[in-house]
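Hydrogens, waters and symmetry mates are skipped; everything else that's a heavy atom, side chains included, is used. Whatever order the structure lists them in is the order used to number ligands and atoms, beginning at 1. Position 1 is the first residue of the sequence; numbering continues from there.
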Amino acid sequence: MLRYLRNCTVHADFQLLAFFGFTNIQYLLFSGILVMFIFAVLGNTLITTIVCLVSQLHTPMYFLLCNLSVQDIVYVCAILPKVLAITLTGDNRISYPDCITQMFFFTFCVGTEFFLLTTMAYDRYVAICVPLRYSLIMNRVVCVLLVTICWFVGILNSLTHALLISKLSFCFSQELDHFYCDLKTLIKLSSSDTTHIQILLSVECVFLGFLPFMLILASYACIISAILKIRTSTGRIRVFSSCSSHLTVVFLFYVTSLSFYVKPETGKSQEDKLVSLLYTAVVPMLNPLVYSLRNHDVLRAIKNFVGRDDLMSIS
Ligand SMILES: *[C@@H]1O[C@H](CO)[C@@H](O)[C@H](O)[C@H]1NC(C)=O
């Protein structure tokens, strides 16, 4: 009884169960996550470096992309190294402050990513549907303002959750059935009354989740209808292929992450964890590929860059 009470007041370490149900594919998961982590960090670093260095890429679209890349690097670095360490060593303890910090970065990155993807879709909408007024609408001030709103909402949201969660007590168990300190899993584990957080979470799913998603769909609907009016079929195919790859990744991110927070408990936590890998590892890895490495401007910039380096090393 005494131990029980002490557990309630002292913030004991948590244990992340991670992929302990998957003993037979443990190493497969480890190598898969490691590869995705490396690709996500390298790809996003490459994009950030190129956009900063090449002045032709100093446009709203690439600045937004650069923001997304920086945010993706923070995201994977907050989540994946810990799960890699757990899978490799089997030591699944995470201290209370670390857990809250990880939860903070997770909610921060997911919230910001929702908003940044929406801003990027809006930017493409303006560029394709009202091209003549593009530079007027997406001017420097608007761009900085939009990005500031994205980051500000993200920080505000995650700070709120970090404060609310730090007030909860965890008397029954310290075992988190996930591979990172996930908000919903923490709420489920808590022995305190969490009604207020759950209400907040539902409101957020609407305003930070569904609403941006609808705006993205609306933007792309306008873009697609504009594409259908393009005369040349090669032009149509090019714009269409870039839009469809954007949409695929947006769908992957929104549908998997939102469904995890919206759907009722099914008890299928193992499947949930694999699905969570889609929005914590696969999407941050795909973003640079889909948004820029398939893009002719970026490829040309990389080629010019490498070419210049070669010339310098020869001369
Ligand atoms: C983010 O976007 C803003 C607005 O376009 C830009 O000024 C800033 O340099 C970008 N920051 C990063 C790190 O990409």
Would you mind writing out the side-chain donor-acceptor pairs for residues 152-163 within the sub-3.5 Å range, not counting sequence neighbours?
unit_1	atom_1	unit_2	atom_2	d
S158	OG	G154	O	2.8
S158	OG	I155	O	3.1
T160	OG1	L156	O	2.6
H161	NE2	E204	OE1	2.9
H161	NE2	E204	OE2	3.2

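- Under a hydrophobic-cluster definition in which Ile, Leu, Val, Met, Phe, Trp and Tyr are linked whenever side-chain heavy atoms come within less than 4.5 Å, directly or via other members, V144 and L146 are assigned to different clusters.
- Side-chain atoms of T89 and D91 include no donor-acceptor pair closer than 3.5 Å.
- Residue pairs that meet the salt bridge (Lys or Arg N to Asp or Glu O under 4.0 Å) test with at least one member in residues 171-182, sequence neighbours left out, are D177-K273.
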Pairs of nitrogen or oxygen atoms, one from ligand 1 and one from the protein, closer than 3.5 Å: please tabulate them with distances.
unit_1	atom_1	unit_2	atom_2	d
ligand 1	2 (O)	N67	ND2	2.2
ligand 1	7 (O)	R140	NH2	3.2
ligand 1	11 (N)	N67	ND2	3.3
ligand 1	14 (O)	N67	N	3.3
ligand 1	14 (O)	N67	ND2	3.4

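- Side-chain rings of F251 and F213 approach one another, their centers coming within less than 6.0 Å.
- Judged as a disulfide bond (SG atoms under 2.5 Å apart), the pairs with a partner in residues 89-166 (not counting sequence neighbours) are, in order, C99-C181.
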